Enquirer: 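Below is a structure I'd like to ask you about.
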Amino acid sequence: MDTDIAIARSVALRPIAAIAEGLGIPDEAIEPYGRYKAKIALEWLNARKAERNGRLILVTAINPTPAGEGKTTTSIGLADALRHTGRNAVLALREPSLGPCFGTKGGATGGGRAQVAPMEDINLHFTGDFHAITAAHNLLAAMIDNHIHWGNALEIDVRRVVWRRVLDMNDRALRDIVQSIGGVANGYPRESGFDITVASEVMAILCLADGLADMERRLGDIVVAYTRDRRPITARDLKADGAMAVLLAEAIKPNLVQSLEGTPAFLHGGPFANIAHGCNSVIATRAAMSLGDYVVTEAGFGADLGAEKFFDIKCRQAGLAPDAVVIVATARALKMNGGVAKADLGREDVDAVRRGAVNLVRHIENIRQFGVPAVVAINHFHTDSDAEIAAIVEAAAQHGSRAILCRHWAEGGAGAVELADAVAELCDTHGGGFAPIYGDELSLFDKIDTVARRIYRAEHAVAEPSVLAQLKRWEDAGYGHLPVCLAKTQYSFSTDPALLGAPTGHIVPVREVRLAAGAGFVVAICGEIMTMPGLPRVPAAEAIRLNDEGLIEGLF
């Protein structure tokens, strides 16, 4: 069986200028990065905003498992299938992070015949967006320490500096550090640490901003530290916002690439789906909607995290109203939710599929709460039996959704035509009615509790008095209207990663809250959340190398 990188390399890509021309983008609006990548000028896109408003399709999934679900692969396969059936479809996806490429997960450009390309470039340095975000974030960190070193006129309490540094690599050694040791010349020693770049608030800001001016305003709003009397200190107070915006001036322009079948694809941004909202940029989504009749996008992890944040944060801030949702499921993943060990997933077990289907059903029910119709995409594996597929179709039908078997991994767009027709029908007949599940006027904790009860099906959320007091201080400071971003394990509806299926009656403990004032949301840390991953015992990096022809091998 060919590897993903071998399949991608076997396809003759079209020059990116031809992909842009097919969308009606003129040469003067294209900024090429080689033959197959380009950035698109914001000025030209801004002028196009009111010309077309394509249908917006969100691809989400059941809770992720080690068996794999294939959300990005399905997004690409669906867009290819829409174009295969004569519809004008455009992709709007996230960029991959370097860290997972060399760790366990590998790249994030799809798989098999449903990939975006050039996959090596996209999975590695691409157009340098993440490097720019890393630089802007760390410039702010340097300016905080520099300000303290040269007299600390803002009276920053060094014990209350909340802005850490970032690196786009999995490196557990950097999670918690002591910095500025070695003497007076090196500043004031304090505890700090590194997060992975995709967890940076700068990443979230780039993905939620609607342009350069809005991005610079948001950068200035970042709260980086507090004084002894807990007065917030912002990036604007440090006069860092202008320089940060300069570093991001190219990165904010959306990137255009293509699928293996020539479907135009905007890949732009990639915020963490736990600590942030886990979606591609608003700018790229709007660009795609102004150029295509159907836009396929995705959100990170399962629908309890990714879709909820897409609806309650991204759509709320950007004024977007999705027309349809695709929930990706596999027989293998549902068997794991039904209690089958990963080593035994190749054996038929219809009863386990039925037991695990409660996870899928819960996501169907949750999507319906937002007023958006949903269809289920069964991402096919060669070990799936007809009886297992039938059990998934039956479970979805019993709860008002259609489940469709898709073979896009093996067949490309031709393998997802039935899904494309079903999604287009949902879009064309959907009469609106989308709404977030809570209003701006609720208190911050009531928003957290609403998500815990309605999406996670918890008994309720709980928080220590110190956490409630912090939320009240932010409300008093004018942040009470912000949406909330719950950070918890992606593997379960609960905060216990081992509690699979569709648990109810559990408690959601809010351990810590963080203000992302620039991004425009409040983060509630529920359980143990890792913002700097580590490498596995055998990292993927060990198998990645250049061959005798200078071509990359081992990237997947």
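Remember, it's a predicted structure, so these values are computed and weren't measured experimentally.
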Enquirer: Where the side chain of Arg355 meets the backbone of Gly338, is there a donor-acceptor pair that is under 3.5 Å apart?
Expert: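 Yes, Arg355 side chain to Gly338 backbone: donor-acceptor pair under 3.5 Å.
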Enquirer: About how many Å separate CZ of Arg218 and CG of Leu208, when rounded to the nearest 0.5 Å?
Expert: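 Here the interatomic distance stands at 5.5 Å.
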Enquirer: Pair Asn280, Thr297 - check side-chain contact (heavy atoms from CB on, under 4.5 Å), show working.
Expert: CA-CA 8 Å; Asn280 73 305; Thr297 191; 3.0 Å; yes
Enquirer: Please find the pair of heavy atoms, one from Val508 and one from Ala452, that lie closest to each other, and give the distance.
Expert: CG2-CB, 3.9 Å
Enquirer: Write down the atom of Ala79, the atom of Leu91, and the distance for their closest heavy-atom approach.
Expert: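 Of all heavy-atom pairs spanning Ala79 and Leu91, the closest is CB-CG, 3.5 Å.
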Enquirer: Do Leu93 and Val296 come close enough that some side-chain heavy atom pair is under 4.5 Å?
Expert: no
Enquirer: Could you state the interatomic distance from NZ (Lys71) to OG1 (Thr330), rounded to the nearest 0.5 Å?
Expert: 12.0 Å
Enquirer: How about Arg94 and Thr72: do any of their side-chain heavy atoms sit closer than 4.5 Å?
Expert: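 With C-beta onward as the side chain, the pair stays apart.
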Enquirer: Looking at Glu69 and Val328, what are the two nearest heavy atoms and their distance?
Expert: O-CG1, 3.3 Å
Enquirer: Using modelled atom types only, decide if a donor and an acceptor are shared between the side chain of Arg172 and the backbone of Leu535 within a distance under 3.5 Å.
Expert: yes
Enquirer: Would Asp145 and Arg190 count as a salt bridge (charged side-chain N to carboxylate O under 4.0 Å, His left out) if you check the C-alpha gap in whole Å, the side-chain angles of each, and the deciding distance to 0.1 Å?
Expert: CA-CA 10 Å; Asp145 288 313; Arg190 62 182 177 87; 3.1 Å; yes
Enquirer: Taking 4.0 angstrom as the limit, do Asp440 and Arg316 come out as a salt bridge?
Expert: yes
Enquirer: Compare all side-chain heavy atoms of Val223 with those of Ile233 and state whether any distance is below 4.5 angstrom.
Expert: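 A side-chain contact under 4.5 Å is absent here.
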Enquirer: Does any non-hydrogen side-chain atom of Leu471 lie less than 4.5 Å from one of Ser443?
Expert: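 Not in contact.
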Enquirer: Side chains of Arg511 and Glu528, heavy atoms from C-beta outward: is any pair under 4.5 Å?
Expert: yes
Enquirer: Taking the six-membered ring for Trp, are His363 and Phe493 ring centroids under 6.0 Å apart?
Expert: yes
Enquirer: Around atom CD of Gln369, are there more than 12 heavy atoms of other residues, nucleotides or ligands at under 6.0 Å?
Expert: yes
Enquirer: Taking everything shown except Glu464 itself, do over 12 heavy atoms lie less than 6.0 Å from its CD?
Expert: no
Enquirer: Would you indicate whether the side-chain heavy atoms of Gln490 and Asn63 approach each other to under 4.5 Å?
Expert: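 No, too far: nothing below the 4.5 Å cut-off.
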Enquirer: Hey, are the side chains of Leu305 and Tyr456 touching, using non-hydrogen atoms and a 4.5 Å cut-off?
Expert: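 Heavy-atom side-chain distance check passes, below 4.5 Å.
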Enquirer: We want to know whether Thr531 and Asp195 form a side-chain donor-acceptor pair, criterion being a heavy-atom distance below 3.5 angstrom.
Expert: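 Judged by distance alone, the side chains do pair up.
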Enquirer: Walk me through whether Asp129 and His268 qualify under side-chain contact (heavy atoms from CB on, under 4.5 Å).
Expert: CA-CA 8 Å; Asp129 292 348; His268 195 216; 3.5 Å; yes
Enquirer: Where the side chain of Asn337 meets the backbone of Ala333, is there a donor-acceptor pair that is under 3.5 Å apart?
Expert: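 Between the backbone of Ala333 and the side chain of Asn337 there is a qualifying donor-acceptor contact (under 3.5 Å).
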Enquirer: Minimum heavy-atom separation for Tyr438 and Lys447, please, with both atom names.
Expert: CD1-CG, 3.6 Å
Enquirer: Classify the ring geometry of Phe311 against Phe434: parallel below 30°, tilted from 30° to 60°, perpendicular beyond 60°.
Expert: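 Tilted: the ring planes of Phe311 and Phe434 meet at 30° to 60°.
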Enquirer: For the residue pair Ala284 and Ser281, what are the closest heavy atoms and their distance?
Expert: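 Closest pair (atom of Ala284, atom of Ser281, distance): N-OG, 2.9 Å.
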Enquirer: Answer yes when Arg457 and Glu365 have at least one side-chain N-carboxylate O distance shorter than 4.0 Å, and no when they do not.
Expert: yes
Enquirer: Of all heavy-atom pairs between Val162 and Ala225, which one has the smallest distance, and what is that distance?
Expert: CG2-N, 3.9 Å
Enquirer: Looking only at atom types and distance, does a side-chain atom of Asn359 sit under 3.5 Å from a main-chain N or O of Gly501, one as donor and one as acceptor?
Expert: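 Judged by distance alone, yes, a pair lies under 3.5 Å.
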Enquirer: Where do Arg217 and Asp221 land on the salt bridge (charged side-chain N to carboxylate O under 4.0 Å, His left out) test, with the steps shown first?
Expert: CA-CA 6 Å; Arg217 177 191 63 79; Asp221 288 343; 3.2 Å; yes
Enquirer: Any sub-3.5 Å donor-acceptor pair from Arg454's side-chain atoms to Ile437's backbone N or O?
Expert: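 Yes, because the side chain of Arg454 sits within donor-acceptor range (under 3.5 Å) of the backbone of Ile437.
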Enquirer: Step by step, would you call Asp210 with Gln317 a side-chain contact (heavy atoms from CB on, under 4.5 Å)?
Expert: CA-CA 10 Å; Asp210 65 10; Gln317 289 200 24; over 6 Å; no
Enquirer: So if I apply the side chain to side chain donor-acceptor pair (under 3.5 Å) rule between Lys488 and each of Asp304, Asp496, Thr495, which one comes out positive?
Expert: Asp304
Enquirer: Drop me the distance from Thr109's OG1 to Leu267's CG, to the nearest 0.5 angstrom.
Expert: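 Going from OG1 on Thr109 over to CG on Leu267, the span is 8.5 Å.
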Enquirer: Once you round to the nearest 0.5 Å, how far does CD of Glu348 lie from NZ of Lys335?
Expert: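 Reported value, rounded in 0.5 Å steps: 7.5 Å.
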Enquirer: Rounded at 0.5 Å granularity, tell me how far SG in Cys279 sits from CD in Glu298.
Expert: 9.0 Å
Enquirer: Checking the side chain of Asp312 only, and the main-chain atoms of Pro436 only, is there a donor and an acceptor separated by less than 3.5 Å?
Expert: no
Enquirer: Take His131 and Asp168 through the test side-chain contact (heavy atoms from CB on, under 4.5 Å) and record every step on the way to the result.
Expert: CA-CA 8 Å; His131 298 313; Asp168 194 26; 5.7 Å; no
Enquirer: Any side-chain heavy atom of Cys406 within less than 4.5 Å of one from Asn379?
Expert: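 Result no, sub-4.5 Å side-chain heavy-atom pair not found.
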Enquirer: Does His408 form a side chain to side chain donor-acceptor pair (under 3.5 Å) with Thr74? I'd like the steps, not just the answer.
Expert: CA-CA 7 Å; His408 44 275; Thr74 301; 3.1 Å; yes
Enquirer: Hey, does the side chain of Thr134 reach the backbone of Thr197 with a donor-acceptor pair shorter than 3.5 angstrom?
Expert: no
Enquirer: List the residues meeting ring-ring contact (aromatic ring centres under 6.0 Å, His included) with Trp163, not counting sequence neighbours, and say none if there are none.
Expert: His137
Enquirer: Between the main-chain N or O of His460 and the side-chain N or O of Arg453, is there a donor-acceptor pair closer than 3.5 Å?
Expert: no
Enquirer: Before accepting this row, confirm whether a basic side-chain N of the pair Arg354/Asp351 lies closer than 4.0 Å to the acidic partner's carboxylate O.
Expert: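 Salt bridge present between Arg354 and Asp351.
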Enquirer: Quick one: OG on Ser494 to CD1 on Ile507, what's the gap to the nearest 0.5 Å?
Expert: 11.0 Å
Enquirer: Side chain of Lys314, backbone of Gly278: donor and acceptor closer than 3.5 Å?
Expert: no
Enquirer: Tell me if a side-chain donor or acceptor on Arg165 pairs with a main-chain N or O of Phe194 at a distance below 3.5 Å.
Expert: no
